[in-house]
Protein chains: 2
Amino acid sequence: MARTTKAKEARDVRASLALLWGEQDRPTRGPKPSLTPHRIAESAVALADAEGLEAVSMNKVAGTFGVSAMALYRYVPGKAELVELMIEAVLAERPDLSAAGDGWRPRLTEWARRSWGVYQAHPWLLAATAMRRQAMGPHQLDWLDAALAALEPTGLTAAQRHQVFLLVVGLIRNLAQQLLDFDEEQDQEWNRLTGELLDRHADRFPALTRAVAAGAFGPAAEDPLTFGLDRILDGVQTLIDREGPGAG
Amino acid sequence: MARTTKAKEARDVRASLALLWGEQDRPTRGPKPSLTPHRIAESAVALADAEGLEAVSMNKVAGTFGVSAMALYRYVPGKAELVELMIEAVLAERPDLSAAGDGWRPRLTEWARRSWGVYQAHPWLLAATAMRRQAMGPHQLDWLDAALAALEPTGLTAAQRHQVFLLVVGLIRNLAQQLLDFDEEQDQEWNRLTGELLDRHADRFPALTRAVAAGAFGPAAEDPLTFGLDRILDGVQTLIDREGPGAG
DNA sequence: AGCTCACTGCTGATGGCATAAACAGTTTAG
DNA sequence: CTAAACTGTTTATGCCATCAGCAGTGAGCT
């Protein structure tokens, strides 16, 4: 059973990559296809933007073209691959960091801001990329390459640069998660109910009670992206300062 | 429709909280209940530990008790609430940070290590807590309180301490995500296939090509938790140093 | 002792999902 | 002009959460 699954997945990776990198042989015989993987992905993106990723079912996507769900399977091996195409579609243009200045820090900051912009425009991207990715398309690699290029002047080892990249991606994904969680009305309800509970159990949660009283959970004074990025990059700078003299 | 959903959710929050905080009136009449919410949650946790969160269906959980799926609805309002109980079950004991030493940094580090331990023991926790949380149980608040307590000696504002807390939680959740993504066999397959692609497109991804050549994607030399935590907390230390003189 | 009714657990149905299988219609290469 | 290749369809399978309604149970009251 595990064996069958593994084998099927291996086949899927190849199919996925061919699809993502546009290395498909388009057939000549038979009726003209009315769709393309690209158009399907675009429509799915529009649907996800409007109603969330959970609204993206094969049926609904097919419905936007007036065809049956099964018609999509002529263009896309399955839903997982469709989601991968959606990710690629949304990362379409490679981020240009040259306007940000010359240092590694302004460039990586710019990369983070652009990345954050994509997550804000397409909140479903978080859930989409959380599904176990087996294949990366060219646009995903574009973004990865841009971030790694920004980190080259740090003088850190390749492994360290990769780790830093993961930290920054992680920060952005966490903010995206917080963005998803946030709902004005629900937030007030949460504060009200949790406030009641804290009143009744102040002795059990002393630090939390003090934090709430001090307004720690009110509207954030500082932009969370700026705050998080400043902390992480300050930490990276400390690492550079520490390694630099010893290594050079 | 949105209105109905909202109203239903509001009712659910109250029900959830009552369940999570054990503020249920247990009835006297009728047949003795054969189950409890707690036992159901424990069984669901065991199932999720063994087969993942997606294997936790009402049917399967009920099956472990030899009852029908609908029987569970006598104890738990729905699946969302069951998942919340699972989270509470897994955060059962409040983290004791006193052994870690006296500074904010060793304490927060200890908190992070314990938190990471929970995510390692229960990889499904990531997905479970990613679902929009509407209510927090006492154990979740215990953990929050412990982290905020550790941060009090920093001298940062309450809002800043909250932000730092979110950064640390985020780090751990990202590592948990990376743990989920990782699969030895699949990783090798990925490296092989992506390597092929990079050979063919080295000019498009120069920094990535160099990074791969330098072994950035090989087995990590340093523990990612230590690396990430050191970076973030170094950054926090920088903030403390910067604010301290001006504020004091 | 017996009645009532809250409470338990059950069966069966609904509507959603991805996708497998088999089939009918269309176009082009030989 | 035929056969192969290709497109889109209908139908069906097996999951899933959850609603509605039914039968049995047993504590508390009369």
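Every chain is numbered from 1 and lettered A, B, ... according to where its sequence line falls, protein lines coming before strand lines.
Following rounding to the nearest Å, A:Glu54 (CD) and C:dA18 (P) show an atom-to-atom distance of 12 Å. If you measure from atom CG of B:Leu72 to atom C1' of C:dT8, you get 13 Å, rounded to the nearest angstrom. When the P atom of C:dC10 is taken as reference, atom CZ of B:Phe65 falls 13 Å away, rounded to whole Å. Residue B:Lys79 contributes atom NZ, which lies 16 Å from atom P of C:dC17 at whole-angstrom precision. Counting to the nearest Å, the P atom of C:dC17 and the CG atom of A:Leu82 are 14 Å from each other. Taking atom CZ of A:Arg29 as the reference point, atom P of C:dT28 lies 11 Å away to the nearest angstrom. Note: CG (B:Asn59) to P (D:dG14) measures 15 Å, nearest angstrom.
Side chains of A:Val169 and A:Trp143 form no contact here, defined as non-hydrogen atoms less than 4.5 Å apart. Looking only at side-chain heavy atoms (C-beta outward), B:Val61 and B:Leu47 come within less than 4.5 Å of each other. Using a 4.5 Å cut-off on side-chain heavy atoms (C-beta onward), B:His122 and B:Asp49 make contact.
In this structure, A:Met70 reaches the bases: a heavy-atom distance under 4.0 Å links it to at least one base atom across the strands shown. Within 4.0 Å of A:Tyr75, counting heavy atoms only, lie sugar-phosphate atoms of the nucleic acid but no base atom. Nucleic acid contact class of B:Ala71 (heavy atoms, under 4.0 Å, all strands): sugar-phosphate only.
Checking the phosphate oxygens (OP1, OP2) of C:dC7, no side-chain nitrogen or oxygen of B:Lys32 falls inside 4.0 Å. Residue B:Ser34 has no polar side-chain atom (N or O) positioned under 4.0 Å from OP1 or OP2 of C:dT8.
Comparing A:Met58 and A:Arg74, the nucleotide of DNA chain C nearest to each residue sits closer to the 5' end for A:Met58. Between B:Ala55 and B:Pro31, it is B:Ala55 whose nearest contact on DNA chain D lies nearer the 5' terminus.
Distances from the side chain of B:Ser68 to the nucleotides C:dT11, D:dT9, D:dA17 place C:dT11 closest. Side-chain proximity of A:Tyr73 to the nucleotides C:dT19, D:dA27, C:dC10 is greatest for C:dT19.
The pair B:Asp145-B:Arg94 meets the salt-bridge criterion, since a charged nitrogen lies less than 4.0 angstrom from a carboxylate oxygen. Between B:Arg204 and A:Asp142 there is a salt bridge, since at least one side-chain N of the basic residue sits less than 4.0 Å from a carboxylate O of the acidic one.
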